[in-house]
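A quick write-up on the structure given underneath.
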Amino acid sequence: MKNGSDVTVRPARNVRGTVSLPGDKSISHRYAMLAGIADGPSRIENYSTGADCASTLGCMRSLGVIWERKEDGAIEVQGSGLSLAAPAAALDCGNSGSTMRMLSGIVAGQKFPSEMVGDESLSRRPMERVITPLSAMGAHIASQAGKPPLRITGAALKAIDYTMPVASAQVKSCLLFAGLFADGETRITEPLRTRDHGEVALRAFGATLDRRSNGQGNELRIRGAQRLRGIEARIPGDLSSAAFFLCAAALFPGSQLTIPGLLMNPTRARLLDVLMQIGLRISVTQLDEIHGELVGSLQVEGAGLKGATIAGADSAALIDEIPVLAAIAPYTEQGIEVRDARELRVKESDRIAAVAANLRLMGAQVEEREDGLKIPGGQTLHGAELDSFGDHRIAMAFAIAALRARGETLIRGAESAAISYPAFFQTLEAVVER
Ligand code: S3P
């Protein structure tokens, strides 16, 4: 089914089997960064296999952190403590916004200057959301009109009390990490509660931080100069990667999938509510907690395909899963409407435009809006030649849409799936029945 970087996806009858997912991308980035600045060794099992999380590990190595990948796949990190080493060259963040945004909070607190660079897509993405508060903390950051590359001159940081204008977990983690290097107590308020892996990970590595609600939203407080200690952990399966298989199961009434060891963190699990509302039957067993992260085994059965509206706080909570939900929307009974999701325009690609373009190529009717999409249900799609726009989630979302189209679909630039999930197409083939 593969030809170079293009992948052909044929229609399916249903999906059945067991899918074990590599570790969650959001948690992997944070564990790699915190293990690097902890005291003592850490061992991380089921670290994300995606290129983005490899970029984070590469940057940590450039900052003097010693780590190795063991034969069993685990990453063993020798923590450097809070003081890292000056990098000999620019820190290459590749395609990874998470790496650049979160790591900027750590390098801003170092005694040396660093340059952070990214690929063409990352070089177009907004960074003023971290530049503004880190500058207020005392770092000096030069950029290309708010975009990468970033030249960060570290400083002895001052604690700030900052209300984030954009709900972004990456920015929240960046500032919490910077707070470790600040003099005093840093307070950060986010307008909506976003994924809390930064908070959970900081606690797992031994830091203390407080959370409360204030008039503006969710407030976090962290004191500076806290030392972290290394941990031994197994990262739960990536819920955003699971979304592709869950949506595939939702497409066919006869589908049955088991996904063991999956991340069930409540700040990420809104996806499961929406899929149940659409008609997927989901049951969870073996619920457990590992270092503060909830994990469970999921059994799902395709049953119905009703519609949904995703808006407000749900759009922030589902931001990475909206492309695949939108890609299956034409097959639902009532369609799917997405509002308040303007952030999708500044992801690895403009995901609103990319979804609309590909759905139209498959013959769907789509209304594209500034902050979302309205996709009517009850449509029949045909196979087409599609572009991934160099965006992993677009490549994978349309592999799922293609399963119920008439005829074959060619996805150009499908190799971009490797940014978060290199084995995606092989795993999909293994559970698809035709
Ligand atoms: C992430 C937060 C989200 C998400 C990204 C991962 C994280 O980005 O889209 O894939 O790990 O914190 P924003 O912080 O820009 O919303």
- Message: List the residues meeting side-chain contact (heavy atoms from CB on, under 4.5 Å) with E370, not counting sequence neighbours, and say none if there are none.
- Response: R342, R345
- Task: Take S255 and E301 through the side chain to side chain contact (heavy atoms under 4.5 Å, CB included) test and state the conclusion after the steps.
- Result: CA-CA 5 Å; S255 297; E301 268 179 42; over 6 Å; no
- With a 3.5 Å cut-off and no angle check, do the side chains of T194 and E190 form a donor-acceptor pair? yes
- Message: For residues 13-36, which residue pairs pass the ring-ring contact (aromatic ring centres under 6.0 Å, His included) check, not counting sequence neighbours?
- Response: Y31-F205
- Query: Going through the distances and angles, do S297 and Q286 end up as a side-chain hydrogen bond (donor to acceptor under 3.5 Å, both in side chains)?
  - Reply: CA-CA 6 Å; S297 180; Q286 295 171 28; 4.8 Å; no
- Task: Answer yes when D371 and R339 have at least one side-chain N-carboxylate O distance shorter than 4.0 Å, and no when they do not.
- Result: no
- Query: Under 3.5 Å, is there a donor-acceptor pair linking the side chains of R203 and H291?
  - Reply: no
- Distance only, no hydrogens: is a donor on one side chain within 3.5 Å (strictly under) of an acceptor on the other, for T99 and T56? yes
- Quick one: ring-ring contact (aromatic ring centres under 6.0 Å, His included) partners of F244, sequence neighbours excluded? F424
- Does one side chain, of S420 or D52, offer a donor that lies under 3.5 Å from an acceptor on the other? no
- D391 and R393 have their tightest heavy-atom pair at OD1-N, 3.0 Å
- Charged N to carboxylate O below 4.0 Å: is that the case for R129 and E343? yes
- Item | Partner of I27 by side-chain contact (heavy atoms from CB on, under 4.5 Å), out of I290, I235, I44 | I235
- Query: How would you list all residue pairs meeting ring-ring contact (aromatic ring centres under 6.0 Å, His included) that involve residues 317-369, not counting sequence neighbours?
  - Reply: none
- Task: Please determine if E367 and K374 form a salt bridge, counting it only when a charged side-chain N lies under 4.0 Å from a carboxylate O.
- Result: no
- Query: Does one side chain, of T258 or Q299, offer a donor that lies under 3.5 Å from an acceptor on the other?
  - Reply: no
- Task: Answer with yes or no whether the side chains of R406 and T380 bring together a donor and an acceptor at under 3.5 Å.
- Result: no
- Message: Any donor-acceptor pair under 3.5 Å linking the side-chain atoms of H392 with those of S416?
- Response: no
- Task: Have a look at D320 and tell me which of R268, R195, K25 forms a salt bridge (Lys or Arg N to Asp or Glu O under 4.0 Å) with it.
- Result: R195
- Task: Return the set of residues passing ring-ring contact (aromatic ring centres under 6.0 Å, His included) with F181 (not counting sequence neighbours), or none when no residue passes.
- Result: none
- Message: My understanding is that only residues two or more places apart in sequence, or in another chain, count here; which of them pass ring-ring contact (aromatic ring centres under 6.0 Å, His included) with F398?
- Response: none
